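Note: hydrogens, waters and symmetry copies are ignored here, and every other heavy atom, side chains too, is used. Within every chain, numbering begins at 1; the chains are lettered A, B, ... in the order of the sequence lines, protein sequences first and strands thereafter. Since the model is a prediction, treat every value here as computed from it, not as a measurement.
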Amino acid sequence: MSILDYFSAILLAGGVFFSFTGAIGLFRFPDFFTRVHAASVTDTIGVILIIAGLLLQTSFDLNIIKLLLILAILLLTSPTASHALAKSARHGGLLTLAESNRSNDR
Amino acid sequence: MTEVLIDLVLLGMLAMTALRVIFLKDLFAVVMLFSIFSFVSALIFINLDAVDVAFTEAAVGAGISTVLMLGTIALTGRTEKKNSHSSILHLVVVCVTGAALIYGTMDMPPFGNADNPIHQHVAPRYIEDSPKEVGLPNIVTSVLASYRGFDTLGETVVVFAAMIGVLSLLGTARPTNKRATPESGLAKHRVLHVVAKIIIPFIILFALYVQFHGDYGPGGGFQAGVIAAAALILYALVFGASFAHRIVSPRQLEVFAPLGVLLYASVGLVGMIKGANFLDYNVLASTAAAGQHYGIIIIELGVGLTVFAAMLGLFYAFSNQVERSNVQ
Amino acid sequence: MTGVLTATCIAILVVMAMALARALKAPTVYDRILGVNMFGTKTVLFIAVVGYMTGRPDFLDIAIVYALISFIGMVAVLRFFEYTAPIE
């Protein structure tokens with residue numbers, strides 16, 4: 001393995017690690033809005049790290065552009081989807097944990 | 001070994017999703033699960049190296065079928081109707097059919113065996129002769145567009161007929177008299193507006209790439225038509241249908257759909273005029289390989305045009321119905 | 001190097017399984033959508049990594065399609081929520 005391969009392996013492992021934490025957050029976090037937070041933030045960093053890891057293994061050709069395109073598209077759409085989803089959940093009347101606790105106390 | 005493992009895991013996911021779809025009563029959740037179903041089946045196709053099939057599944061399954069199914073739910077209601085009939089007879093029929101099918105697979109040769117009948121008949125000829133006869137790197141395209149050109153013409157006609165069928169059920173979208181207003185779309189989501197504006201040109205560019213690169217890589221007219229339609233569907237969803245009507249109006253679509261079929265068939269007719277068989281591309285240019293190239297590019301364009309018009313036409317018909325039922 | 005890619009591939013598959021579990025059994029309908037969205041992103045990454053693992057980088061085309069198209073599904077979901085009040 002060359003030095004690039006080592007770097008690539010480290011990046012891939014980092015991406016996988018963050019993806020895992022996001023998936024665990026989907027189950028462990030207390031209310032929907034924190035779960036959105038867990039999923040979307042780790043999604044973004046996971047995508048960046050994994051695509052970067054693959055980029056280090058690509059020779060200089062069209063595939064680099066394709067990978068960068070995937071990265072750019074995912075960086076745009078994935079947070080947007082999460083943002084819009086959280087907004088429409090808010091619109092639909094879903095409360096955060098703190099808010100629902102407060103309304104229960106009263 | 002790894003691929004077998006991945007296949008097994010994916011098949012397990014597919015089965016679990018399908019079972020959950022059967023037992024869920026909330027149809028909206030069912031639509032969500034169907035999009036996962038499409039993701040997983042595309043992954044299985046990829047794992048089996050069927051790249052072009054996976055491409056079609058990716059283009060249709062995750063985007064447009066979700067949109068159309070959500071449109072249907074918006075029209076019909078979100079919960080499944082209670083079924084009061086006894087379902088024992090159905091269960092028996094399904095079990096017997098399933099048992100017969102499984103019994104039928106007993107006689108099939110083992111999966112992936114090189115001696116299978118399917119690898120003995122036409123496949124070796126396609127693999128050995130198509131680089132000489134057609135000269136395209138993507139053999140799937142040369143099989144679909146040239147060797148089985150007549151089949152593909154039939155499929156394009158089927159897509160066209162399906163569009164006619166749906167339009168005659170739902171009615172064509174009338175051009176609205178009211179002026180296009182931003183309120184008709186997702187007006188409150190400003191972030192979505194900006195991102196959609198950035199993404200849509202990429203989608204159209206990628207559709208063109210798929211259309212014209214289909215001879216060399218995975219893709220072709222069908223996938224390109226679906227992706228281009230998806231771009232306009234995104235525009236209509238975010239900004240409102242009346243804005244999309246100003247770019248491609250329903251009336252134009254009624255011209256595009258038959259035009260694609262006619263373009264395809266006319267390539268065959270030109271071949272006949274030049275004294276060859278229907279859809280024989282060899283005579284279209286001075287050399288046979290160049291003729292194949294021209295023929296395939298033109299018929300892929302025809303397929304793309306018809307599929308684009310059919311997909312967008314379906315969406316317009318649905319969105320028109322939804323809007324009308326919302327007004328009442 | 002294939003070993004690393006294979007390991008990545010399997011790990012992404014596990015994450016996908018967890019997202020699937022969330023989509024199959026969710027406290028609210030929004031959580032389901034969140035699971036589907038996560039599953040979609042991970043599908044794109046999975047396709048890219050499998051393409052490198054098997055040495056077939058034309059798979060990247062499919063990954064691009066998914067990255068572009070799954071966004072449309074999400075937008076359709078939002079549009080659907082604007083039309084109909086969510087039932088819980």
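Contact of B/Ser38 with chain C is made through backbone and side chain together, with heavy-atom distances under 4.5 Å. With a 4.5 angstrom heavy-atom cutoff, B/Glu3 touches chain C only via side-chain atoms.
More than 12 non-hydrogen atoms from other residues, nucleotides or ligands lie less than 6.0 angstrom from CZ of B/Phe318.
The side-chain contact (heavy atoms from CB on, under 4.5 Å) test applied to B/Thr141 returns B/Leu136, B/Asn138, B/Asp215, B/Ile296, B/Glu300, not counting sequence neighbours. Taking B/Val159 as the reference, B/Phe222, B/Thr306, B/Val307, B/Ala310 meet the side-chain contact (heavy atoms from CB on, under 4.5 Å) condition, with sequence neighbours excluded.
Most heavy-atom pairs under 4.5 Å with chain C: of the set B/Thr66, B/Val21, B/Ile203, this distinction falls to B/Ile203. When each of C/Val77, C/Thr54, C/Thr6 is scored by its heavy-atom pairs under 4.5 Å with chain B, the top score falls to C/Val77. Most heavy-atom pairs under 4.5 Å with chain C, from the set B/Ile64, B/Leu43, B/Ile199, B/Asn47: that is B/Leu43.
The nearest pair of heavy atoms linking B/Phe39 to C/Gly40 is CZ-CA, 3.5 Å. Minimum heavy-atom separation, C/Ile69 to B/Ala58: CG2-O, 4.1 Å. When all heavy atoms of B/Met32 and C/Ile33 are compared, the pair lying nearest together is SD-CG1, 3.7 Å. Nearest heavy-atom pair, C/Ala23 versus B/Ile36, reported as atom, atom and distance to 0.1 Å: CB-CD1, 3.6 Å.
The shortest side-chain heavy-atom distance between B/Val195 and C/Phe71 falls under the 4.5 Å cut-off. Counting heavy atoms from C-beta outward, C/Leu13 and B/Leu10 have side chains that approach closer than 4.5 Å. C/Phe46 has its side chain within reach of B/Ile6: a pair of non-hydrogen atoms, C-beta onward, lies under 4.5 Å apart. Residues B/Ser35 and C/Phe39 are not in side-chain contact: their nearest non-hydrogen atoms beyond the backbone lie 4.5 Å or more apart. Residues B/Val40 and C/Met16 are not in side-chain contact: their nearest non-hydrogen atoms beyond the backbone lie 4.5 Å or more apart. In this structure, C/Ile10 and B/Leu5 have side chains that are in contact, with non-hydrogen atoms separated by less than 4.5 Å. Between C/Arg79 and B/Val67 there is no side-chain heavy-atom pair separated by less than 4.5 Å. Contact check for B/Tyr209 versus C/Asp61: side-chain heavy atoms found under the 4.5 Å cut-off.
Residues C/Phe59 and B/Phe55 keep their aromatic ring centres 6.0 Å or farther apart.
Once rounded to the nearest 0.5 Å, the distance linking CZ of B/Phe206 with CD1 of C/Ile64 reads 4.5 Å. Between atom OH of residue B/Tyr235 and atom CD1 of residue C/Ile72 there is a gap of 14.5 Å, rounded to the nearest 0.5 Å. Here the straight-line distance linking atom CG of B/Leu24 with atom NZ of C/Lys25 works out to 10.0 Å at 0.5 Å rounding. Annotation: the span from B/Thr17 atom OG1 to C/Leu20 atom CG amounts to 4.5 Å, rounded to 0.5 Å.
Ring pair C/Phe80/B/Phe28 is parallel by interplanar angle, where below 30° counts as parallel and above 60° as perpendicular.
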